[in-house]
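From a predicted model like this one, the values you see are computed outputs, not experimental measurements. Naming convention: chains lettered A, B, ... in sequence-line order (proteins, then strands); numbering from 1 in each chain.
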Protein chains: 2
Amino acid sequence: MEAERHPTVPDAIGAMDRMIATMIVGQQEFARRFGLSVTDLVCFAYVLEAGNTPVTAGDLATRAHVTTGAITGVLNRLEGRGFVARKPDPADRRRVLVVAQPTAVEQAMTLYGPFYERLAELFGGYTPDELAVLTDWFTRAGDVARTFLEESR
Amino acid sequence: MEAERHPTVPDAIGAMDRMIATMIVGQQEFARRFGLSVTDLVCFAYVLEAGNTPVTAGDLATRAHVTTGAITGVLNRLEGRGFVARKPDPADRRRVLVVAQPTAVEQAMTLYGPFYERLAELFGGYTPDELAVLTDWFTRAGDVARTFLEESR
DNA sequence: CGGTAATGTCTTAGTAGCTAAGGAATCTAG
DNA sequence: CTAGATTCCTTAGCTACTAAGACATTACCG
């Protein structure tokens, strides 16, 4: 009678899988609508996430699992849209530092805002403890995936 | 002192975002390693998920947000690898039904198995109630994303 | 120091998978 | 029975990727 209340681990993985698949399609749709690639969005998110920590072109290649040649194109597109800027690294003139433009967050919100509102609504229905469980899982699952990726080189 | 135990909604969204970005890169890596595209994997997952419910080529196009022309390529690749089979729909001969091959799940496990093991390990550290919260969120977030996608047509 | 190796980004040529547009077969409605 | 929808496939063209290597710069090491 209460079977649904205690999902098994495979149940959880299945539900997660379907969610991830939908999110991937969603990202592709966001990217398409902005005339960017999914890789562009992944890189942009990483630059925003890094905040003041300097990010190099090579860091983006590592993170996004693409070649540095691909990153050249990514940066050209993101720079062309005014999302990021290339900055020479004074300490190592081979390097290209990538910094977010001041209006970047605002522009990202124009794109993602409506979707984030729906998510915020969803998250709002959870108790602080439940929210902590979710946030913790996001972090751990991200770490698991990242570790798995790094190992498979 | 306990600030970390009560993340805000923006905290949760941020953590989710980073997780999603990593999962996307991971899927791209899985796809690359199998000589398939991310769209192929999304479609394959949908066919597996549908189980015995018949899935048409057009369904996949709708679900993956690509054109039917792209699905032709997807099916050629998936069929070539023995993951799925095209089957004529006796009730409507324009349609192409897509069914998973008997060995499909097994093959999928060869690909995803090691990663799923890590996830299972992660999920194993949660209580049944926490697992229910997570599974519930996956379902709801997937629905939110799917609804959002459908509206933006 | 001075020469060689390693590093970081960009360039180029080639490839894969997508879209847009349209074709062919089939179904549906009047 | 016919006109219009629909379903999938085909084609041409485009975009973003890889692999390989050029170029500039830095690190290493005798």
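When distances run from any side-chain atom of B:Arg94 to the nucleotides C:dC18, C:dC27, D:dA24, the shortest one goes to C:dC27. Here the nucleotide nearest the side chain of B:Arg95, chosen from D:dT18, C:dT19, D:dC8, is D:dC8. Nearest nucleotide to the side chain of A:Thr68, out of C:dA20, D:dT18, C:dC10: C:dC10. Closest to the A:Ala57 side chain, of the nucleotides D:dC8, D:dA16, C:dT9, is C:dT9.
For the segment residues 72-93 of chain A, the set of residues with a heavy atom within less than 4.0 Å of an atom of DNA chain C comprises A:Thr72, A:Arg86, in numerical order.
For the pair A:Thr8 (side chain) and A:Asp11 (backbone), a donor-acceptor distance under 3.5 Å is present. Of the possible donor and acceptor atoms, one in the side chain of B:Thr53 sits under 3.5 Å from a partner among the backbone N and O of B:Ala50. Under a 3.5 Å cut-off, the side chain of B:Glu130 and the backbone N or O of B:Thr127 do form a donor-acceptor pair. B:Arg94 places no side-chain N or O within donor-acceptor distance of the main-chain N or O of B:Asp89, the cut-off being under 3.5 Å. Without hydrogens or angle criteria, B:Asp40 side chain to B:Leu36 main chain gives no donor-acceptor distance under 3.5 Å.
Rounded to whole Å, atom P of D:dA16 lies 7 Å from atom CG of A:Asp40. As a whole-Å value, the separation of A:Phe34 CZ from D:dT15 P is 18 Å. Between B:Leu97 atom CG and C:dT26 atom P the separation is 15 Å, expressed in whole Å. The CD1-C1' distance, from B:Ile71 to D:dT10, rounds to 15 Å in whole Å. One atom, CZ of A:Arg32, and another, C1' of D:dA16, lie 16 Å apart when rounded to the nearest Å. Between the P atom of C:dT19 and the CZ atom of A:Arg33 lies a distance of 14 Å, rounded to the nearest Å. Rounded to a whole Å, the CD1 atom of A:Ile24 is 13 Å from the P atom of C:dC18. For the pair B:Gln28 CD and C:dG17 C1', the computed distance is 13 Å after rounding to whole Å.
At the heavy-atom level, A:Ala70 lies under 4.0 Å from base atoms of the strands shown.
Ring-centre distance between A:Phe148 and B:Tyr116: not below the 6.0 Å cut-off.
OP1 or OP2 of D:dT18 lies within a sub-4.0 Å distance of a side-chain N or O belonging to A:Thr67. Of the side-chain N and O atoms in A:Thr39, one or more sit less than 4.0 angstrom from OP1 or OP2 of D:dC17. Checking the phosphate oxygens (OP1, OP2) of C:dC18, a side-chain nitrogen or oxygen of B:Ser37 falls inside 4.0 Å.
Ionic pairing of A:Arg33 and A:Glu29 is present here: one or more N-O contacts between side-chain nitrogen and carboxylate oxygen are shorter than 4.0 angstrom. Ion pairing of A:Glu49 with A:Arg63 is present here, as a side-chain N (NZ or NE/NH1/NH2) and a carboxylate O approach within less than 4.0 Å. The pair B:Arg140-A:Glu121 does not count as a salt bridge, with every side-chain nitrogen at least 4.0 angstrom from each carboxylate oxygen.
Note on the helix from C:dC1-D:dG30 to C:dG30-D:dC1: angle between the axes of the first and last five pairs equals 30°, rounded to 10 degrees.
A 6.0 Å sphere centred on CD of B:Glu79 holds more than 12 heavy atoms belonging to other residues, nucleotides or ligands.
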